[in-house]
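Here is the structure we will look at, set down as C-alpha cells.
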Amino acid sequence: MDFETCDAAAAAKAFGLEELDARPSLMIWTTTPWTLPANLAIAVGPTYRYSLVRMDGSETIVASDLLAKVKAAVGAEKVEVLAETDGAKLVGLTYRHPFCEREGRVIGGEHVTLEDGTGLVHTAPGHGDEDWRVGRREGLAAYCPVRDDGTYDDTVPEWLRGMNIWDANPMVIRHLTESGHLVHHMQFNHSYPHDWRSKTPVIFRATEQWFIGVDRTMKNGQTLRGLAKDAVEHKVRFVPEWGRNRMRGMIESRPDWCLSRQRAWGLPIPAFKLPDGSAFMTPASVRAVAEVIRQKGSDAWFTESPATLLAGYDPAKDPQAPKGLQVASLEKLFDIFDVWFEAGSSWNSVLRARGQGIPAELYLEGSDQHRGWFQLSLLPALGATGAPPFKSLVTHGFVVDRDGRKMSKSLGNALEVEDLLKDFGAEVCRWWVSGLAFENDIRMDLEYLKAAGEAYRKLRNTLRFLLGNIGDLPAGDIVAEAVDTPPESLDGWAMGEFARVQGFVRDAYTRHAFREAHLALFDFCNDTLSSVYCAAAKDRLYCDRADGTRRRATQRAMNAVAEGLIRMLAPVLPHTADEAWRALKGADAKSVVFEQHVPITFAGAAGWPAVFAARESAMKALEEAKSQGIENSLDAGLVIPDADGTLKPFAAELADLMGVSRVTLDPAAKLVSVTDLREEPRCERSRKRDGTVRERQDGGLLSDRDAEAVGQ
RNA sequence: GCGCCAGUAGCUCAGCUGGCUAGAGCACGCCCCUGAUAAGGGCGAGGUCGAAGGUUCGAGUCCUUUCUGGCGCACCA
C-alpha cells in the first residue's frame, strides 16, 4: 500500500536530496485492510536505515534491510535506490491518506521490527493496544470509526459508511487498486486471535472503559503499584518462597486494571450517564445503589429506574455531586464488573462483612493465581484499607499426567476426581494429596493412588495393632504422657521417638510443609512402630502375665503413642482418625478433629543410637547365618561386642529388639557373632530358646517366664 | 518472544551457605514368619544427578548456553 507524502521537498530533504520531481510514497503493508480508514500515522524505526527507491517507475520509501524482500514479494522488475537515510530523519514527515481526507504523520516507534513487511508500520490507535499506546505518546486521537455492531460510522468515506468491516476488506482493496495505491496483494497465513468459544475472529476497537489506575497518586500520597510492591516485599509470607519473586515481576509490569466488561450478565457497575454524556458515580451514589442491591439483588440494576436505585441518595448532601444534578435526568450504564473484581473483594464481602476479621490467615490457590486471585485481591484491599488481605499465600502447581503433560479432555489423559474418590476412597486420596510436593507440577496416575492406598493400609494396620493390644489396659492405668517410662526400656525408646516426631510434625504443619509431616508420620508408623517397636513388643504383650509390670508399661506407652498419633493424623485423615479415636476413647467420644496436640516432652536414653547400630550389624550377621541353616532368628543367640559398656543398660531389651532368643554382651568381642541354639529346647508358648526352657508339671516345655505366666 | 518454576535410582522425592564411596520411601529380587494374616519382618540389587561448556584443589550443589515440561504474560502491523 502506498501513502503519498504531502511535502515532496521535505521528503527529499530527509534523504539529503536537493530536489525530487515526484512525491515519494510510504509503503506499508497490513493484514487488516479494514483498519486503514483509521490510519493516523506510520511508524518507522528511528535507528533503522531507509531507502528512497524508484520501483517500477514510482518513488517509494522502504527499510533498506527489507528492500530485497519487498522487491521479491511484490515482483518488482526495476528497482533503483536513489538515496538512503536514518529512520529518525523521516519522523515528522506528513503524508496524505490514500482515501480519507486527512494527513497522517510519520512517527518513531521502538516496536517496529525488520522481520516482515516494509519497515514502515501502519498505525491505527483505535485498533490495537500497541498502536493505541504509541498514539497516546504521540498525541494521536484514539480514533475508532467502527461501531459496536461492526459497521463503520459516518466519519469514513461515503463508500464505506454503514458497511460491515469484513465486507469492507475487498472494497478497500478494490478501491486502492483503482486509485493506484496498491502495490501488491497476496494471501498471507498467520495466526489471528479468535473467540475461544465461537471460534470466530475478533477485532480490536478502542472503546471507553473503567480502569483502576495503578500509578495514580492516591490520597495517602502512594500509588497502588507502590503499595503492592511493598506488600509483596515485606508484608506477605509466600509458600513456596519463589512466589514472591513471581508476583513482584507481575506487579512491576502490570498495566492499569480494566474493570469493565460488556457482557449480558454479571454484577453491574453502578454508573449513570449525565445529559452531557459524561459518567456519574460518586462514593455516596454507589452506597445508595448498593443498599438497593442488598435488598433486591443485583438484578435491580436492570429492572429498576435510576430514581428507585438512587432513592437513598441526596445530591445536596454529596459534595462530589455534579452541579445541578437531576436524578431524573440520569440514564443507567450497562457495563458490568470484571469477575476478578468480585473474586478480589471476597476479603471484604466474606471476612469483613461477617466480622471474621481481616487479613485472612491464608489464601491458597494454584500458581496461575499470582496474576489472578492473589493479585486482584491484593490491589482492592490495598486501595481500600492500605493493607494486604492475607498474611500468607500458599501456591501449588498443576496436575499433569505421568509424562508431565498437562491433562486435558481432548488428549484423553484427564482423570475425573469423582472416579478417584469412588475407586480409592476419600481418605486414600487425602493421604496422597498430603504427601505431594505441591510447589511443583503434580504428576498424576492411578499407580500413585494405588501406592497411596498401600501406605494408608500400613498406617491403618499399625493403628489397629496398637489399639488391639491395649484393650485390657485398666482405665486407672492410663497415663496420657506415660512419663514414668524408664528411658532405657523399649517403651522409653518409643516414647522418645514419638516426642521427637510429634515436635517435627507440629512444626511442619505450621509451616504448611504437609509433605514433611506426611513422610514423618509414615516413617514413624512404618519404621519406628511397625518394624521395630511393635515387633519387639509382641513377646511381652503375648507372653508376659496379663497384669505383669513389663506388659502394662508397654501398654501405657502404646496408649500414649496411639493417642498422640491419632491427633497428628486427624488433619490429614479425619475419618480414619475419628474411627481410631472412638476405638480408643469410646463410641460416644467427641470427634478428634476438635482436639489439639498435647506436646509431650520425653527423651529416650542417650545410648539408643549405639543400640541401633548394633542392631544393624546383628541383622546382617543373622542374614549371613541363614546360609548355615539358621533361618528363624529365634533359633539364634547373639554375642555383641560392648567394649565400653554402652549397651549394658539396655541388656534386658536387646533380645526382643533383635528378634533372637538371647543376647550376650561381650566386652572382649570385636564383631557380632551368631550362636546356633537349635539344639536347645524351645518354649512352646513363646517359641524362645532362652536357656530356661524345661518340662513343666503338665508335660509342656516352657521357659521360666512362660511357666510363671500360666501358673505352672 | 519475555517472566517464574522444575528436570537426582523403575516411581515419588531429600540432598542447607560447593568437600567422606549421592540418600529415603515405594516398587522389584531373594529369604523368614504364620498369635497385626487380603497382615508382619530381614537382606539385596538399582543412579552418565536432562545435555554441553566454564569457575574451583574439588560441583548434583555456583556461572553461561541448550533441551524438555508446567504456569503466566505479550506479539503476530
Side-chain angles (χ1 to χ4, degrees), chain A residues 1 28-32 35-36 39 42-43 109 111-113 115-124 127-131 134 188 190-193 240 242-250 252-255 366-372 375 395-406 432 435-437 439-443 445 447-448 450-452 454-455 457-458 460-469 515-516 518-519 522-523 526-527 529-532 534-536 538-539 541-543 616 618-624 626-627 630-635 658-659 685-687:
Chain A
M1 209 104 47
I28 63 107
W29 82 321
T30 183
T31 57
T32 52
T35 64
L36 286 172
N39 174 283
I42 290 174
H111 63 292
V112 178
T113 67
E115 275 164 39
D116 286 308
T118 64
L120 291 90
V121 175
H122 158 53
T123 301
H127 290 299
D129 185 51
E130 189 149 58
D131 286 9
V134 171
F188 181 73
H190 64 117
S191 68
Y192 187 87
W242 54 255
R244 188 187 311 280
N245 200 7
R246 180 167 192 183
M247 197 148 162
R248 182 194 301 124
M250 288 176 171
E252 281 170 356
S253 65
R254 73 150 301 132
S367 67
D368 58 330
Q369 298 300 333
H370 281 96
R371 184 165 285 274
Q375 192 188 142
T395 312
H396 60 255
F398 275 65
V399 174
V400 295
D401 71 11
R402 61 182 306 160
D403 301 317
R405 309 277 165 167
K406 77 166 142 189
W432 173 71
L436 295 172
E439 305 86 338
N440 301 326
D441 295 338
I442 299 148
R443 289 184 193 239
D445 192 72
E447 286 299 314
Y448 308 159
K450 276 186 206 160
E454 291 295 318
R457 277 161 54 191
K458 184 80 180 195
R460 200 179 161 79
N461 264 314
T462 304
L463 278 173
R464 197 168 65 162
F465 182 89
L466 294 178
L467 296 172
N469 279 290
R515 177 180 165 80
E516 289 182 41
H518 167 110
L519 292 174
F522 180 77
D523 274 355
N526 185 42
D527 196 38
L529 294 182
S530 183
S531 166
V532 181
C534 296
K538 277 183 186 176
D539 177 74
L541 288 169
Y542 299 159
C543 301
E616 202 178 320
M619 291 300 177
K620 290 194 171 128
L622 286 167
E623 199 68 28
E624 283 164 22
K626 282 180 182 172
S627 62
I630 309 172
E631 296 192 320
N632 185 337
S633 60
L634 282 177
D635 289 340
M658 298 176 193
R685 188 159 175 273
S686 65
R687 302 194 191 91

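Since we're looking at a predicted model, the values are computed, not measured. Lettering follows sequence order; numbering is per chain, from 1.
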Short side-chain donor-acceptor distance under 3.5 Å, A:Thr32 and A:His127 |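 Short answer, no.
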
Taking the side chain of [X] as heavy atoms from C-beta outward, which of [options] is closest to it?
{"X": "A:Phe398", "options": "B:C13, B:C71, B:C33", "answer": "B:C71"}
{"X": "A:Arg246", "options": "B:C43, B:C4, B:C13", "answer": "B:C4"}
{"X": "A:Glu631", "options": "B:G72, B:G44, B:C31", "answer": "B:C31"}
{"X": "A:Asp441", "options": "B:G70, B:U34, B:C4", "answer": "B:G70"}
{"X": "A:Ala451", "options": "B:C31, B:C26, B:A36", "answer": "B:C26"}
{"X": "A:Ala437", "options": "B:C75, B:C13, B:G42", "answer": "B:C13"}
{"X": "A:Arg457", "options": "B:C26, B:C32, B:A39", "answer": "B:A39"}
{"X": "A:Lys620", "options": "B:C4, B:C43, B:C33", "answer": "B:C43"}
{"X": "A:Asn461", "options": "B:G44, B:A36, B:C71", "answer": "B:A36"}
{"X": "A:Ser530", "options": "B:G41, B:G72, B:C33", "answer": "B:G41"}

Do A:Leu529 and A:Leu463 have side chains that get closer than 4.5 Å, going by heavy atoms?
->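 Counting from C-beta outward, A:Leu529 and A:Leu463 never come under 4.5 Å.
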
If I pick the [atom1] atom on [M] and the same atom on [N], what distance separates them, to the nearest angstrom?
{"N": "B:U64", "M": "B:U55", "atom1": "C1'", "value": "11 Å"}
{"N": "B:G69", "M": "B:C26", "atom1": "C1'", "value": "24 Å"}
{"N": "B:U12", "M": "B:G46", "atom1": "C1'", "value": "16 Å"}
{"N": "B:C32", "M": "B:U21", "atom1": "P", "value": "37 Å"}
{"N": "B:U61", "M": "B:C16", "atom1": "P", "value": "11 Å"}
{"N": "B:A9", "M": "B:A14", "atom1": "C1'", "value": "13 Å"}
{"N": "B:U66", "M": "B:U48", "atom1": "P", "value": "26 Å"}
{"N": "B:C63", "M": "B:G18", "atom1": "P", "value": "11 Å"}

Measure across A:Glu624 and A:Ser627 and return the closest heavy-atom pair with its distance rounded to 0.1 Å.
->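 That closest heavy-atom pairing would be O-OG, 2.7 Å.
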
Is any side-chain N or O of A:Arg464 closer than 4.0 Å to OP1 or OP2 of B:U37?
->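 Yes.
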
According to a strict under-4.0 Å criterion, is A:Arg687 in side-chain N/O contact with OP1 or OP2 of B:C33?
->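 For A:Arg687, the contact criterion (side-chain N or O under 4.0 Å from OP1 or OP2 of B:C33) is not met.
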
Under the ring-ring contact (aromatic ring centres under 6.0 Å, His included) test, which residues partner A:His396, sequence neighbours left out?
->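 Residues passing ring-ring contact (aromatic ring centres under 6.0 Å, His included) with A:His396: none at all.
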
Roughly how many Å is it from [atom1] in [X] to [atom2] in [N], rounded to a whole number?
{"X": "A:Ile442", "N": "B:U12", "atom1": "CD1", "atom2": "P", "answer": "13 Å"}
{"X": "A:Tyr542", "N": "B:G40", "atom1": "OH", "atom2": "P", "answer": "13 Å"}
{"X": "A:Arg515", "N": "B:A6", "atom1": "CZ", "atom2": "P", "answer": "15 Å"}
{"X": "A:Lys626", "N": "B:G29", "atom1": "NZ", "atom2": "C1'", "answer": "13 Å"}
{"X": "A:Arg244", "N": "B:C5", "atom1": "CZ", "atom2": "C1'", "answer": "16 Å"}
{"X": "A:Arg685", "N": "B:G35", "atom1": "CZ", "atom2": "P", "answer": "14 Å"}
{"X": "A:His127", "N": "B:C76", "atom1": "NE2", "atom2": "P", "answer": "14 Å"}
{"X": "A:Trp242", "N": "B:C4", "atom1": "CH2", "atom2": "P", "answer": "12 Å"}

Under 4.0 Å between any heavy atoms, over every strand shown, what does [X] touch: base, sugar-phosphate, or nothing? Just pick one.
{"X": "A:Asp368", "answer": "sugar-phosphate"}
{"X": "A:Met250", "answer": "sugar-phosphate"}
{"X": "A:Lys538", "answer": "base"}
{"X": "A:Thr462", "answer": "base"}
{"X": "A:Asn526", "answer": "sugar-phosphate"}
{"X": "A:Lys458", "answer": "sugar-phosphate"}

A:Ser530 side chain to A:Asp527 backbone, donor-acceptor under 3.5 Å =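 Judged by distance alone, no pair lies under 3.5 Å.
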
Say whether, by atom type as modelled, one donor and one acceptor occur between the side chain of A:Arg515 and the main chain of A:Gly435 under 3.5 angstrom.
->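 Here the side-chain-to-backbone pair exists.
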
Who passes side chain to side chain donor-acceptor pair (under 3.5 Å) against A:Glu252, sequence neighbours left out?
->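 Here no residue qualifies.
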
Taking pairing as Watson-Crick or G-U wobble with both contacts under 3.5 Å, can you name the mate of [N], or confirm there isn't one?
{"N": "B:C49", "result": "none"}
{"N": "B:G72", "result": "B:C2"}
{"N": "B:U56", "result": "none"}
{"N": "B:G44", "result": "B:C28"}

Given RNA chain B, 5'-ward residue of the pair A:Glu454 and A:Leu436, judged by closest heavy atom |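 Result: A:Leu436.
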
A:Lys626 bridged to A:Glu623 by N-O distance under 4.0 Å =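 So A:Lys626 pairs with A:Glu623 through a salt bridge.
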
